[in-house]
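Single-structure report; data block below.
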There are 2 protein chains.
Amino acid sequence: MTAARGLDEAEQHAWREFLWAARLLFDVLDRQLQHDAGMPHAYYLILAALSGAPDHTMTMGELARAVRSSPSRLSHAVARLETAGWVRRGRDPHHRRHTYAHLTGAGLRALTAAAPGHVAAVRRHLFDRLSAAQVDALREACAAVRAGLEPAAGASPR
Amino acid sequence: MTAARGLDEAEQHAWREFLWAARLLFDVLDRQLQHDAGMPHAYYLILAALSGAPDHTMTMGELARAVRSSPSRLSHAVARLETAGWVRRGRDPHHRRHTYAHLTGAGLRALTAAAPGHVAAVRRHLFDRLSAAQVDALREACAAVRAGLEPAAGASPR
DNA sequence: GCACCTTTGTTGAACGCTCAAGCGCACGCT
DNA sequence: AGCGTGCGCTTGAGCGTTCAACAAAGGTGC
């Protein structure tokens, strides 16, 4: 491919494998979740993030950082999750600039129903294909890449 | 996260790193291409695939397989590339079922203009962060995952 | 020649994401 | 108090993807 001039052969090969492994994996996970649970993967991550927060509640900003989402994207997404009855929004009377998002009972149930199938898919398509050493190597390489892409401020969620 | 029950700690960690490394990387590459070359990454891949084909021409089906795209997605994409003047479609009078996609001169120029910036971004965000051993390990792990997801065609001829 | 099926590709609607613009609240300044 | 500035979040339009439905061409069997 003309495209890959500037990368040596090992890099071209690695890039193609990474590209298609990730794209195909995300595609199959998205399809599985959409089909079995009626939500795309991004929405699953939002519900999962909320489920791990105290009182199942976070501000929109915290949530956006947790799921690496732009404010706009999150706002649209939560609007849709709200009409699904899975999330409720409200304003904190003491910090009226902030909007908090709260996982509803129905939202938690939807997440709990979706989780086993999703985790099983991750296991089947990712971890069942890798040795323990490969899992370690994958984690290390991806951690290096992610660290370079992460908005340098406070890499760990507050 | 409630979500990750069923994966051990090493797997959870690896999954998160892989997830965010890939998502953030694809986001930044998409943004770079859209900004500098006026095309999303998926369209770049289509032009690149055509540029490597004899006579810069492939059938829609071949092209769809090359870029791991559904027929529908490719049809929409090529329609758009056609209005941009980067691809032309036509029917072969001898095999009238097939539609050919042909990379135009303007398409090749657009690809050639886009390639260096894209490759530089891949290098900067991916390979500059990894040792040669990490690149090898990443390729191997991703190859195993991709092989499990690929529709198994190509290895065996028909 | 005819009915049926498969292959190949397109279409339209729904949906998620991005980008640019905008709104409301809080804070700092004078 | 009045005014600007920045932050947090939302909005609307446009684009790309998906899904289901469809269309057209080439078999295949009778």
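Residue numbering restarts at 1 for every chain, and letters A, B, ... go by the order of the sequence lines.
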Does one side chain, of A:His98 or A:Thr59, offer a donor that lies under 3.5 Å from an acceptor on the other?
no

Taking the minimum atom-to-atom distance to the side chain of A:Thr59, which one of D:dC9, C:dC17, C:dT18 wins?
D:dC9

Measure the distance from CZ on B:Arg97 to C1' on C:dC5 and round it to the nearest whole Å.
11 Å

Would you mind reading off the distance between A:Arg31 atom CZ and C:dC15 atom C1', rounded to a whole angstrom?
15 Å

Got a salt bridge between A:Arg96 and A:Asp92, using NZ or NE/NH1/NH2 to carboxylate O under 4.0 Å?
no

From the options C:dT18, C:dC17, D:dC9, select the nucleotide whose nearest atom is closest to the side chain of A:His98.
D:dC9

Between atom CE in A:Met39 and atom P in C:dC15, what is the gap in whole Å?
16 Å

Please state how far atom CE in B:Met60 lies from atom C1' in C:dT11, giving the value in whole angstrom units.
13 Å

Protein-nucleotide distance (A:Ile46, atom CD1; C:dC17, atom C1'), rounded to Å
12 Å

Would you state whether a donor and an acceptor, one from the side chain of B:His76 and one from the base of D:dT18, lie under 3.5 Å apart?
yes

Sugar-phosphate only, base, or nothing, as touched by B:Ser75 at under 4.0 Å among non-hydrogen atoms:
base

Which word best sums up how the rings of B:Trp15 and A:Phe26 line up, parallel for under 30°, tilted for 30 to 60°, or perpendicular for over 60°?
perpendicular

I'd like to check A:Arg139 versus B:Arg16 (side-chain heavy atoms, cut-off strictly below 4.5 Å). Are they in contact?
no

Contact between A:Leu149 and A:Arg146 at the side-chain level, heavy atoms closer than 4.5 Å - yes or no?
no

Rounded to the nearest angstrom, tell me the gap between atom CZ in A:Arg23 and atom P in D:dG16.
15 Å

Would you classify B:Arg96 as touching base, sugar-phosphate or nothing, given that sugar-phosphate means primed atoms plus P, OP1 and OP2, and contacts are heavy atoms under 4.0 Å?
sugar-phosphate

Closest approach to the side chain of B:Arg73, judged atom by atom: which nucleotide of D:dT18, D:dT10, C:dC19 is it?
D:dT18

If you assign A:Ala77 and B:Pro71 each to the DNA chain C nucleotide with the nearest heavy atom, which residue ends up on the more 5' nucleotide?
B:Pro71

Here DNA chain D, pairs taken as Watson-Crick or G-U under 3.5 Å and shown with ( ), [ ] when crossing and | when to another strand, reads ||||||||||||||||||||||||||||||

In residues 79-94 of chain B, which residues come under 4.0 Å of DNA chain D by heavy atom?
B:Arg80

Taking atom P of C:dT10 as reference, at what distance in whole Å does atom CG of B:Leu63 sit?
11 Å

Should the side chain of A:Ser72 and the base of C:dC19 be counted as holding a donor-acceptor pair, with the cut-off at 3.5 Å?
yes

Should A:Val119 and A:Leu138 be counted in the same cluster of Ile, Leu, Val, Met, Phe, Trp and Tyr side chains packed under 4.5 Å apart?
yes

Between C:dC25, D:dT17, D:dT18, which nucleotide has the shortest distance from any of its atoms to the side chain of B:Ala42?
D:dT17

Salt bridge check: are A:Glu82 and A:Arg89 linked by an N-O gap of less than 4.0 Å?
yes

Considering all heavy atoms of both residues, which atom of B:His118 and which atom of B:Gln32 are nearest to each other, and what is their separation?
CA-OE1, 3.5 Å

Whole angstrom is fine here: how far is it from CG in A:Leu74 over to C1' in C:dG16?
13 Å

Side-chain contact, heavy-atom cut-off 4.5 Å: A:Thr57 with A:Leu103?
no

Candidate nucleotides C:dC19, D:dC9, D:dT17, ranked by approach to the side chain of A:Thr99 - the nearest
D:dC9

Examine distances only and state if a side-chain atom of A:Thr99 and a backbone atom of A:Met60 form a donor-acceptor pair shorter than 3.5 Å.
no

